A.B. asks: 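Quick one: structure below, then a few questions.
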Amino acid sequence: MACFRTSARICRQFLFNNSSSTKFSAVFSSPRWMSSGNYEYIIVEKKGEKNNVGFIQLNRPKALNALCKGLMSELDQAVQKFEKDDDVGCIVLTGSDRAFAAGADIKEMQTKEFSDVWRGNFLSEWDALSRCSKPVIAAVNGFALGGGCEVAMMCDIIYAGDKAQFGQPEITLGTIPGAGGTQRLCKAVGKSKAMEMVLTANRISAEEAEKAGLVSKVVPAAELVNEAIKTAEKISSFSKIATGMCKEAVNAGYEMSLKEGLHFEKRLFHASFASNDRREGMTAFSEKRPPKFTDS
Ligand SMILES: C=CC(=O)SCCNC(=O)CCNC(=O)[C@H](O)C(C)(C)COP(=O)(O)OP(=O)(O)OC[C@H]1O[C@@H](n2cnc3c(N)ncnc32)[C@H](O)[C@@H]1OP(=O)(O)O
């Protein structure tokens with residue numbers, strides 16, 4: 001075991017000293033991955049050089065990661081676990097090369113009655129990601145359809161592989177999006193494009209999604225996860241108080257009027273002056289050294 005650790009350290013050292021290898025660094029950087037636990041439908045690990053990125057991979061390949069009840073419940077548990085983990089500063093959520101997720105599980109929904117979904121408030125339990133206070137990056141390869149597209153939109157940042165496809169095909173099933181697919185899509189791509197997508201079930205490519213504003217970056221599919229992890233490592237290196245405030249300010253501003261949003265942002269900015277990390281960040285700048293944030 002000692003020998004393995006030493007080799008891992010030397011290997012890491014080599015990768016970090018070699019500038020052309022940066023794209024490999026994020027995945028090979030830590031041998032201290034968390035075990036995947038007792039999950040059936042997802043893989044849960046910690047990644048990054050400092051083990052500070054929460055990594056969740058949807059893992060129901062035969063059903064193209066269709067979002068069944070069990071999968072969504074496990075996703076909720078994993079997000080809550082990372083929420084409570086003081087080392088984790090950012091979460092990456094991904095699927096497989098073929099599918100991020102092909103939507104809510106149609107076979108599971110097929111026999112449900114109106115009374116079941118109404119009285120059980122079906123899909124209300126899906127909002128774990130939206131409630132997470134830590135930034136979440138969706139790394140989308142392949143299909144992100146229906147609930148899959150909605151789950152990606154619940155994340156704070158979407159990175160897409162160049163073959164990704166986004167769509168809301170619920171109309172073909174005689175229903176409509178039920179987890180934010182109309183409103184979030186409308187806010188992301190504008191009313192006309194959203195209307196076209198939900199009424200025709202037409203999918204948009206990663207490139208179109210980037211142009212329309214749904215995703216922040218398109219990268220070659222094979223590099224997607226590493227790219228997302230690198231960004232997550234960067235976010236995790238900052239003060240968790242400040243990243244939490246940023247997330248809250250952007251999300252609140254998105255819902256509020258400009259005047260309310262500006263006021264809310266200013267008050268959070270003022271509040272950041274109560275943190276040790278704000279003092280440390282500014283002191284470090286003045287002393288020309290890297291800051292040492294303590295998340296306090
Ligand atoms: C919130 C509401 C919703 O999300 S409603 C669901 C919205 N999503 C959809 O309507 C997409 C449904 N899936 C498809 O249209 C296609 O599967 C595809 C275009 C994503 C891929 O087509 P392809 O021909 O490449 O694969 P298969 O259709 O053969 O699929 C493989 C395997 O996965 C099962 N599957 C796919 N999507 C779902 C789903 N949403 N729910 C349950 N199962 C799904 C599909 O049935 C196949 O399994 P098999 O055992 O072979 O039947």
Side-chain angles (χ1 to χ4, degrees), residues 39-43 56-76 79 93-132 136 138-155 158 160-189 193-209 212 214-215 218 221 224:
Y39 298 107
E40 185 181 351
Y41 301 110
I42 60 176
I43 295 168
I56 305 171
Q57 181 171 17
L58 307 181
N59 186 34
R60 207 188 162 207
K62 284 189 186 148
L64 303 183
N65 291 331
L67 305 166
C68 62
K69 190 174 164 50
L71 186 153
M72 291 311 287
S73 156
E74 289 184 1
L75 180 60
D76 190 353
V79 169
L93 175 65
T94 195
S96 68
D97 290 350
R98 196 165 165 221
F100 177 75
D105 191 316
I106 300 167
K107 292 166 191 168
E108 204 177 65
M109 287 188 291
Q110 188 187 349
T111 53
K112 286 190 189 295
E113 299 290 342
F114 165 75
S115 56
D116 301 326
V117 295
W118 177 268
R119 294 183 62 214
N121 201 6
F122 181 51
L123 300 189
S124 63
E125 68 281 11
W126 274 35
D127 60 358
L129 284 168
S130 344
R131 281 184 278 108
C132 179
V136 185
V140 177
N141 267 329
F143 299 113
L145 302 180
C149 186
E150 291 170 320
V151 166
M153 290 191 290
M154 287 173 200
C155 298
I158 305 179
D162 52 2
K163 305 282 187 309
Q165 293 182 40
F166 297 83
Q168 298 289 160
E170 289 87 346
I171 196 81
T172 65
L173 303 168
T175 184
I176 72 163
T182 55
Q183 199 187 12
R184 284 205 177 93
L185 197 62
C186 203
K187 288 199 172 194
V189 303
K193 191 75 199 165
M195 194 67 94
E196 186 198 353
M197 286 173 72
V198 298
L199 287 178
T200 65
N202 286 350
R203 299 179 206 150
I204 58 170
S205 66
E207 202 184 329
E208 287 172 281
L214 181 61
V215 312
V218 178
L224 176 72

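These numbers were taken from a predicted model, which means no experiment stands behind them. We're numbering straight along the sequence, starting at 1. Just the heavy atoms: all of them, side chains too, but no hydrogens, waters or symmetry mates, feed the values below. We count ligands from 1, going down the list as the structure has it; atoms in each ligand are counted the same way.
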A.B. asks: Any non-hydrogen side-chain atom of Leu185 less than 4.5 Å from a side-chain atom of Met197?
C.D. replies: yes
A.B. asks: Name the residues in contact with ligand 1, where contact means a heavy atom under 4.0 Å away: which are they?
C.D. replies: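 Lining ligand 1: Lys62, Ala63, Leu64, Ala66, Arg98, Ala102, Gly103, Ala104, Asp105, Ile106, Lys107, Met109, Phe143, Leu145, Gly146, Gly147, Glu150, Pro169, Glu170, Leu173, Arg203.
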A.B. asks: Rounded to the nearest 0.5 Å, what separation is found between the CZ atom of Arg119 and the CZ atom of Phe114?
C.D. replies: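 It comes to 10.5 Å.
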A.B. asks: Please tabulate, for the side chains in residues 99-112, all donor-acceptor contacts under 3.5 angstrom to protein atoms that are two or more places apart in sequence or on a different chain.
C.D. replies:
| residue | atom | partner | partner atom | Å |
| --- | --- | --- | --- | --- |
| Asp105 | OD1 | Lys107 | N | 3.0 |
| Asp105 | OD1 | Glu108 | N | 3.0 |
| Asp105 | OD2 | Arg60 | NH1 | 2.7 |
| Asp105 | OD2 | Arg60 | NH2 | 3.1 |
| Glu108 | OE1 | Lys69 | N | 2.9 |
| Glu108 | OE2 | Lys69 | N | 3.3 |

A.B. asks: Nearest 0.5 Å, what's the OG1-CD1 distance between Thr200 and Ile171?
C.D. replies: 9.5 Å
A.B. asks: With no hydrogens and no angle check, is any side-chain donor or acceptor of Gln168 less than 3.5 Å from a backbone partner on Thr182?
C.D. replies: no
A.B. asks: With a 6.0 Å cut-off (strictly less than), is the heavy-atom count around CD of Glu207, excluding the residue itself, greater than 12?
C.D. replies: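 It does not: Glu207 CD has 12 such atoms or fewer within range.
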